[in-house]
*Asks:* 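This is the structure I want to talk about, given as structure tokens.
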Amino acid sequence: MTAAATHSDALAEYTREAQERGCDPLTWAVQLSSMMAAAGAQLPSTELAGILVSHLFWANSNVRLAWKYLDRALSAGLVPPVLVLALLSTRVIPCRKSRPVPYRLYLELLKMHAFNFASQIKGPYFKKIMASVDDVLHLSQAFGLQACELGVLVVEFVFCVLWQLVDATIEDEGLQDLTPERKPIWFTRQDMDIDREANVGVKTEHIEKIQKTNIGLATEFIKEFLHHKVISRLLSLARDNMPSQWGVFTLCLRVLEANSSSLPSGSLLQLAVDDHKKISQECHRGHHEELNALIASESSTSSGGQCHGTSCSALWIPLDLYLEDCIDLSVAPSNAIEILSGLIKALQVVNGTTWHDVFLGLWLASLRLVQRERDPIEGPVPHLNSRLSMLLSITTLSVADVIEEEELALAKDAEYTSQWENKTASSGKRRKDLVSSLQVLGDYKSLLVPPSSVVLAANQAAAKATMFVSGLTVGSGYMDMINMNDKTLNFSGNMWHLIVEACISRNLLDTSAYYWPGYVSGLINQIPHSMPGQVPGWSAFMKGAPLTAPMVNALVATPASSLAELEKVFEIAVNGSDDDKISAATILCGASLTCGWNVQEHTVRFALNLLSPPPPVDYSGSDSHLTGHGPVLYVVLAGISSVDCAQVFSYHGLVPELAGALMELSEVFGSYVPSISWTLTSGEEITTYAVFSSAFILLMRLWQFNRPPLECCLMGDSAPVGSQLNPEYLLLQRNSRVLDSSNVTDNGKAFRSLSTSAKSSSAHPIFVDSFPKLKVWYRQHQACLASTLSGLVHGTPVHKNVDALLNMMFRKVNKGTNQTGSTTSGSSSLSSSSGPGSEETSIRPKLPAWDIMEAAPFVVDAALTACAYGRLSPRELATGLKDLADFLPASLATIVSYFSAEVTRGIWKPAFMNGTDWPSPAANLSTVEEHIKKILAATGVDVPSLVVGGSSPATLPLPLAAFVSFTITYKLDKASERFLNLAGPALESLAASCPWPSMPIVAALWTQKVKRWSDFLIFSASRTVFYHNNDAVVQLLRSCFTAMLDLSTSLLSSDEGVGSLLGHGFGSHFSGGISPVAPGVLYLRVYRCIKNVVILADEILSLLMWSVKEIALKVFSKERAEKLNKAKYGMRYGQVSLAAAITQVRVAAGLGATLVWLSGGPGLVQSLIHEILPSWFLSVRELDIDGASAWMVHKLAGCALAHFAMIGGIFAWGIGSSGLSKRRPKVLGAHMEFIARAFDKKISVGCDSTLWHTYVVCFLGLMVKCAPSWVLEINSSVLKRLSWGLKEWEKDELALALLQKGGVTTMGAAAEMIILAGE
């Protein structure tokens, strides 16, 4: 027998004898303590605890005295309370009905000892004690946490004890059948054996009375448990880290609160929720503590208030900037719906606002987007329809995503509880806030005025509501007549009606919105009889009217209003007659695509599916099945080729899938000679060349291949979003989307809501290798960019094709001369290989399009070389290139590619734009210069002179001169639009890469031909000022901050900042002609062509600090200091001024973070957090502030930097657990390690200590509040070091919050901190 066993036996024997003698508990305790001390036993003793609890249940023992011994041992510290309670719970609770008195005594002991952990956790043997508790209650097994930390076991013990009481009370009240488990999960021990004869003589009524009293005591104790500060905080750790167990526990609480006779309904669960919210609020206070040092009232910084709060439009400037940035010629492979929904979720947590304020801010920003360009300039740029799509389709769908996210969680909860509780999912808080925000939106009359082009649609929406409220039942055919007879009735429709209809169509609202005050202007008693009978329109079509020419024209001009209408059109486009297929495809790509905002997400999918028809089941031909769909494919390609249509596909995230479809069409139709032709219903005859060219040119626009070849090399990983697009990347994105959609889960919002027929018909991944001919051209294109052309061998098929194309292009030249000219490739010539009098059709070679595309670079090279050596005149060069582009429009892409590469080589002599050999810009150049200066007037940037001194004419690099002369040959008509949509941006990119003033010269030349494009061209020319001058970019950024913060006035106004930054439109059609362009819009149109965006983050950081300094000087000026000293102003004046200053600082930080994110994407944000900010802190940075206000300026600067880094990170990575980048844990972890090393004194920051202190506290506080999922990704040891450092700074709440959000790995440390803080 071991010594320990002998000692335990001695203690047990002495206790038995003392009980038999009736020894006084105090005497027993003193003697027992002496025995244990003599034996060198550890106190408190786990062995004694086991003996005493077992002793209570010996048969024929003095149970009452045994309980007194146990109480005395607990009071004297001889036994650990936590172990005693654990042992008792396994013996007393299972038998509480037959033995209510021990249960009553257990509850009393629980009340006395359950809350006192601080003294126990400091004990040297507490770890051994908790291990014993774990062995008794099997905590690690029950909760699935194999952790050895004391804090974790304490949390599990507290949770277990509370859960035991809840289960016991539920069973005592007979409610166990209402719980999911239907039986308690903790009551496993059934070995209690207290004096079996003890109940003899005890009245049943007395037992029942004690039992009822016990139920009440247990209920009260549960409430006290939930209300106790330390215990409730420990339970919050269980809630965060044991979600499955907590979910079952809360269900039990729901059962108890809903059915218990001893407590009011809802009291327990509400208490748990309220305490959890209270704890969360206390934990989130950390980042406000620094602001509280500036403002006496915390509320003024946490939620805003009036102008300096959530109602201030400036706080939502990231929304305005992102929406305006979307209205750019560049298309992106990203999904604007997803980005916008992530953006509003990020701003909601950063600004700490209600969803009502978020939605209202979003609607106002979207309306400002539309009102900013009510009459956009003409040119190959997005127009009003793109802005309306952002407002009525994209914004609405992003709101739907945010609402659906909440309601999916509610639905899951309702589904889980519906098995045992009569509960159904209800609408969430977000939906209610959407309704309230839309009701308030009706008060913003100036923003709701519809542009002239949508007045009819607004009146139709208002008419629909008026008819409904008036109780008049009308069909959609009547609405068709309102469109045709808009002057007969005026329903005073505005943008409010269009927004509400967009929400109703997506089930965000119901028709009760029609009864909102002020929504309808009045009621009508009857339908006017002057309306004609049925007219061609959607109503007649749905009733079975055939697709006659008038019907098709009506449906093309009028957008569909429902999914059913689109589905019927799509069915005809797939299965109808040949003519009906063409008509249906034309309808789908008409107004329904650009203006059918309520069903646009379905329309784009239908149009995309028409480009990828599946092969027939029994198809066995050698040719591609796609050739049988040539006419429909051409109609669809022509219909979606406009700038606005391409934007729509981009907004809905379909660029990768569209690119995949276009690659397949290009591969197939480019492989055929133009022997296959079709005649459309319009009479137009097309060949495979037309289908190939339409598909290929649209693909090139999606790819944005026309950018200067050195751009990506200079920008590297921090290149602007979209600048690194290439076929491989587009297909990678496409394959990822296809796989995601095929494995869609409950979280797949947008895709799941689509019509079945609108979902993609191609669910397999594709790669560039799937398109060998496209791959060959792509490699040739890359080689052309990398070096001069080479490799053309005489006598090869390519050489023969080059000669054939040159003869076709310059047949008139060849007839009049026998001179030949060698190309730079050394093999081909401009010679007359065709006999005189050959017909044009016979001269045109019959080649597959891909063969022409392979030969085209050598053809253009030969032509440009001939022009350089005088064998071709500039006019002959331009007309020859135009003949090539007319023959195969897709060759325009090769022409662009070649000239873009050659203009960067610097090997061509300049072309003198003298009006003789080359066109002269002299007539317009001075006007262009004057307009550029006006456009840039608001930025303070100097415009270099354009007018060349003396008699020397303007010059352009020869490739640019050739390209601009070539583009001028195009007529500005509908037929040329899709090609100019590629040539226009390519011309701008090409000119921008040339020395100043190339682009202004190009603008002057083009405005002589196309007056309507003058605003677009001059604006494009003004942007090139910044491409060649980094100082001008910095000045433009400074203008953005100055305009946004309105530093010339005392307080930040709600609208002037946004209006000054982004303006109210641009163009010569405004009163007074060309006006200055707002700096924000100018920057959004410039940054994509800045070659090295890495410098932008440094400059924006410097400008942020400059802005903070200016804000502080404004607030703490001598005059304001004097006012603060006057009693009549006092602290209240100071609070208002400081609150306004902090709001401006937050706005400046939001502006800076948004500009960094938009300019360089996640890569630049990561560089900012990982490299730029640490370097800035380590270097010695002074803000040049002296006097008493220096401390305050450094506080504001620290706050600004924290918001700057946090907002940028949230925009780049998101706030969810998955994040938008796999690099988030690495970058964030490195930044946290940097801060931890500063806490550890391993590095020393060079910036002001007050600034550093404020930054750390604010950044960590924002991370806990806004992105708690980030904390989970940080190494637990780093979190603990950060927490210890914060405690040294006396930031206890924030230190605890970090550990609480760190997950299971930091739960033990958090629990210990909670316990010790509760002393």
Side-chain angles (χ1 to χ4, degrees), residues 541 546-549 551-553 555-556 560 565-594 596 602-617 619 621 623-642 645-646 648-649 654 657-672 674-699 755 757-762 849 889-890 974-975 978:
F541 171 70
L547 288 177
T548 60
M551 176 64 74
V552 172
N553 292 336
L555 300 186
V556 168
E565 294 171 345
L566 290 176
E567 288 177 329
K568 183 173 182 179
V569 175
F570 180 74
E571 177 66 22
I572 295 174
V574 173
N575 299 315
S577 64
D578 290 345
D579 288 346
D580 282 352
K581 285 181 180 180
I582 295 174
S583 298
T586 305
I587 293 168
L588 271 179
C589 299
S592 295
L593 182 59
T594 56
H602 303 287
T603 312
V604 291
R605 282 283 180 181
F606 282 127
L608 182 59
N609 282 358
L610 288 181
L611 293 178
S612 303
V617 178
Y619 187 78
D623 294 336
S624 172
H625 71 282
L626 293 174
T627 57
H629 300 274
V632 173
L633 292 172
Y634 176 80
V635 168
V636 175
L637 291 169
I640 66 175
S641 64
S642 70
C645 285
V648 168
F649 278 90
L654 295 177
E657 288 151 277
L658 177 59
L662 295 175
M663 289 181 195
E664 184 175 11
L665 294 179
S666 300
E667 183 74 17
V668 170
F669 285 91
S671 302
Y672 292 97
S675 58
I676 305 175
S677 63
W678 304 275
T679 301
L680 304 181
T681 54
S682 61
E684 179 184 1
E685 185 172 342
I686 61 171
T687 66
T688 54
Y689 279 3
V691 181
F692 169 79
S693 295
S694 298
F696 190 78
I697 286 180
L698 183 54
L699 175 62
S755 163
S757 55
K759 293 182 180 180
S760 176
S761 59
S762 177
K974 186 71 174 177
R978 78 188 77 164

*Asks:* Run the ring-ring contact (aromatic ring centres under 6.0 Å, His included) test against F669 and tell me which residues pass, sequence neighbours left out.
*Replies:* none

*Asks:* Would you call V569 and F606 a side-chain contact if the rule is heavy atoms closer than 4.5 Å?
*Replies:* no

*Asks:* H625 vs H629 aromatic rings, parallel, tilted or perpendicular, using cut-offs 30° and 60°?
*Replies:* perpendicular

*Asks:* Starting at OG of S592, measure out to NE2 of H602 and round the result to the nearest 0.5 Å.
*Replies:* 12.5 Å

*Asks:* Apply the test side-chain contact (heavy atoms from CB on, under 4.5 Å) to residues L608 and V636: give CA-CA distance (whole Å), side-chain angles for both, the deciding distance (0.1 Å), then the verdict.
*Replies:* CA-CA 9 Å; L608 182 59; V636 175; over 6 Å; no

*Asks:* Could you grab the distance from atom CG of L566 to atom OG1 of T603, nearest 0.5 Å is fine?
*Replies:* 4.0 Å

*Asks:* Report the distance from atom CD1 of I587 to atom CG of L547, rounding to the nearest 0.5 Å.
*Replies:* 5.0 Å

*Asks:* With a 4.5 Å heavy-atom cut-off, do F541 and M551 have their side chains touching?
*Replies:* yes

*Asks:* Please lay out, stage by stage, how L588 and L593 fare under the test side-chain contact (heavy atoms from CB on, under 4.5 Å).
*Replies:* CA-CA 6 Å; L588 271 179; L593 182 59; over 6 Å; no

*Asks:* Please find the pair of heavy atoms, one from Y672 and one from S624, that lie closest to each other, and give the distance.
*Replies:* OH-N, 3.3 Å

*Asks:* Of all heavy-atom pairs between I572 and K581, which one has the smallest distance, and what is that distance?
*Replies:* O-CG, 3.6 Å

*Asks:* So, taking the atom named OG1 in T627 and the one named CG in L665, what distance separates them when rounded to the nearest 0.5 Å?
*Replies:* 11.5 Å

*Asks:* For residues V604 and I640, determine if any side-chain heavy atom of one lies less than 4.5 Å from a side-chain heavy atom of the other.
*Replies:* no

*Asks:* To the closest 0.5 Å, what do you measure between CG (L680) and CD1 (I686)?
*Replies:* 4.5 Å

*Asks:* Please report the shortest heavy-atom distance between A585 and V632, naming the atom on each side.
*Replies:* CB-CG1, 3.9 Å

*Asks:* Only pairs at least two apart or in different chains count here, so list each side-chain hydrogen bond (donor to acceptor under 3.5 Å, both in side chains) that has a residue in residues 678-697.
*Replies:* Y634-E684, S694-R978

*Asks:* Does the pair E664 and L611 meet the rule for a side-chain contact (heavy atoms from CB on, under 4.5 Å), with working shown?
*Replies:* CA-CA 9 Å; E664 184 175 11; L611 293 178; over 6 Å; no

*Asks:* With no hydrogens and no angle check, is any side-chain donor or acceptor of S641 less than 3.5 Å from a backbone partner on A638?
*Replies:* yes

*Asks:* Is the shortest side-chain heavy-atom distance between V574 and L610 below 4.5 Å?
*Replies:* yes

*Asks:* So do the side chains of V648 and T594 get within less than 4.5 Å of each other, counting heavy atoms only?
*Replies:* no

*Asks:* Once rounded to the nearest 0.5 Å, what's the spacing between atom CG of L633 and atom CG of L662?
*Replies:* 10.5 Å

